[in-house]
Student: 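The structure that follows is given in the form of structure tokens.
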Amino acid sequence: ASNYTCLGPDKWGEHCQKDFQSPIDIITNKVKVDKNLGPFSFSGYDKKLEWTVENNGHSVSVSPITNGIEITIAGGGLPAQFQLTQFHLHWSKTMNAGSEHSIDGHHFAMEMHIVHQTEKGTLGNDNHAQKFEYDTAVLAFLVKPGSAVNEGFQPLVEALSKIPRPEMSTTIGQISLLDFLPNEEKLRHYFRYLGSLTTPSCDETVIWTVFEDPIELHRDQILAFSYKLYYDEDQKLNMTDNVRPVQDQGQRTVYKSQA
Ligand code: SG4
Ligand code: ZN
């Protein structure tokens, strides 16, 4: 992860040296099945929208232009409804190094993070008032290279050449998240643990969901991220390996939805 956010992850501040950090390696024979981890309800995931696509200097961030449409998730063992804010990706030129999470030590080509937010401290009622610090729910999808072009994802790939440098942005449309996510049956199978943002500030406020079933993109679709995007104004540093190394699981348990 050289040059990732100017200073490498080993030089990130003390907020990033705590005990509940992300990503982690998920060791499948240690996960615990949790009956409360039922299916998610997705709302607005099927809506064809325009999206703003921005090179923000460490990833490509894709935010919905919602015009009042709410895109939310609930269920899935989450304590509240969470609202979509953006999605972004992490990647490498190497097909087994671009994911942040790993499964039994195995990294994937990329990882997509669909980020959702809720308000802190809104949980429970008067009897059960609970201070709740986890205001972010990230749905993580591992990406593996396949032989077919993923047509649903292609508009995003084509937009990359318009935003080579930091702070550049463009729009794409009419696209829904379901155009490139696994089908709903497959979305029932996921891992769950509590952790952090994977970039500074590294806030320990994230309910992580890592889906078992990877998304398949063509190898060229994956490589486009490394070759079209740059970290710097001079277009000298390809944006690639924007991946934080795995962190200690510590005392945490990783749960799995019921099969
Ligand atoms: C990437 O740098 C995104 O571009 C950031 O999104 C994101 O920050 C950051 O990763 C950390 O998110 O799911 N990997 S992560 O833990 O979502 C936030 C923006 O800066 C706060 C919009
Ligand atoms: Zn991320």
Side-chain angles (χ1 to χ4, degrees), residues 1-9 12-13 15-18 20-26 51-66 71 73 78 82-92 97-102 107-120 133-143 156 159-160 163-171 177 181 190-211 214-215 222 225-226 228-232 237 239-247 252:
S2 61
N3 235 304
Y4 183 35
T5 71
C6 308
L7 291 174
W12 291 352
H15 268 304
C16 300
Q17 318 296 329
K18 296 196 291 183
F20 299 96
Q21 292 288 297
S22 295
I24 59 168
D25 179 41
I26 295 170
W51 302 74
T52 302
V53 184
E54 188 195 3
N55 178 337
N56 66 10
H58 26 244
S59 184
V60 50
S61 180
V62 188
S63 349
I65 302 169
T66 57
I71 307 179
I73 54 171
L78 297 175
F82 286 71
Q83 185 156 352
L84 174 79
T85 53
Q86 43 93 3
F87 71 88
H88 63 267
L89 297 104
H90 302 264
W91 60 86
S92 171
S99 67
E100 296 209 297
H101 289 89
S102 54
H107 283 268
F108 287 70
M110 297 184 96
E111 187 165 325
M112 180 189 302
H113 289 157
I114 310 181
V115 182
H116 306 74
Q117 226 92 60
T118 194
E119 272 163 52
K120 273 187 196 177
E133 298 298 333
Y134 294 92
D135 63 352
T136 305
V138 182
L139 303 187
F141 289 90
L142 301 160
V143 177
L156 176 54
L160 301 179
I163 55 163
R165 295 185 295 282
E167 294 179 42
M168 296 182 96
S169 69
T170 185
T171 57
L177 288 166
L181 296 186
Y190 57 87
F191 302 106
R192 164 65 45 76
Y193 78 98
L194 299 176
S196 74
L197 297 174
T198 67
T199 61
S201 57
C202 304
D203 286 352
E204 292 179 338
T205 55
V206 181
I207 303 173
W208 279 96
T209 302
V210 179
F211 288 91
I215 296 175
I222 295 166
F225 285 80
S226 291
K228 304 285 187 196
L229 300 171
Y230 295 85
Y231 284 122
D232 63 318
L237 292 166
M239 185 182 285
T240 191
D241 296 307
N242 52 357
V243 175
R244 187 186 195 192
V246 295
Q247 307 291 304
R252 290 174 288 180

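Side chains are part of it too, since the values below use all heavy atoms of this structure and drop only hydrogens, waters and symmetry mates. Both counts, for ligands and for their atoms, begin at 1 and track the order of listing.
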Student: Decide whether the shortest distance between a heavy atom of His90 and an atom of ligand 1 is less than 4.0 Å.
Tutor: yes
Student: Would you say Trp208 contacts ligand 1, with heavy atoms under 4.0 Å as the rule?
Tutor: yes
Student: Using a 4.0 Å cut-off to any heavy atom of Ser61, which atoms of ligand 1 qualify?
Tutor: 22 (C)
Student: Under 4.0 Å from a heavy atom of His58: give me the atoms of ligand 1 that qualify, with their elements.
Tutor: 2 (O)
Student: Residues two or more places apart in sequence or in another chain: which of them pass side-chain contact (heavy atoms from CB on, under 4.5 Å) with Phe20?
Tutor: Glu204, Arg252
Student: Answer yes or no: is there a side-chain heavy-atom contact under 4.5 Å between Val246 and His107?
Tutor: yes
Student: Report the residue from Phe141, Phe108, Tyr193, Tyr190 that forms a ring-ring contact (aromatic ring centres under 6.0 Å, His included) with His101.
Tutor: Tyr193
Student: Name all residues meeting the side-chain contact (heavy atoms from CB on, under 4.5 Å) criterion together with Ala137; count only those two or more places apart in sequence or in a different chain, and write none if there are none.
Tutor: Ile73, Leu78, Phe82, His116
Student: When rounded to the nearest 0.5 angstrom, what distance separates CG in Asp203 from CG in Leu197?
Tutor: 5.5 Å
Student: With sequence neighbours excluded, what pairs up with Ala140 under the side-chain contact (heavy atoms from CB on, under 4.5 Å) test?
Tutor: Glu111, His113, Trp208, Val210
Student: Ligand 1 versus Thr136, non-hydrogen atoms closer than 4.0 Å: side chain, backbone, both, neither?
Tutor: neither
Student: Does any N or O of ligand 1 fall below 3.5 Å from an N or O anywhere on His113, backbone included?
Tutor: yes
Student: Any non-hydrogen side-chain atom of Arg244 less than 4.5 Å from a side-chain atom of Thr199?
Tutor: no
Student: What atoms in ligand 1 come closer than 4.0 Å to a heavy atom of Ser59?
Tutor: 4 (O)
Student: Taking C-beta and beyond as the side chain, do Ile114 and Leu181 meet within less than 4.5 Å on heavy atoms?
Tutor: yes
Student: I need the protein N, O or S atoms closer than 2.8 Å to the Zn ion (ligand 2), given as residue plus atom name.
Tutor: His88 NE2, His90 NE2, His113 ND1
Student: If I apply the N/O under 3.5 Å rule, does His88 come out as touching ligand 1?
Tutor: yes
Student: Looking at Gln17, I want to see if its CD is surrounded by more than 12 non-hydrogen atoms of other residues, nucleotides or ligands under 6.0 Å.
Tutor: yes
Student: Could you walk me through whether Leu156 and Trp51 pass the side chain to side chain contact (heavy atoms under 4.5 Å, CB included) test, one step at a time?
Tutor: CA-CA 9 Å; Leu156 176 54; Trp51 302 74; over 6 Å; no
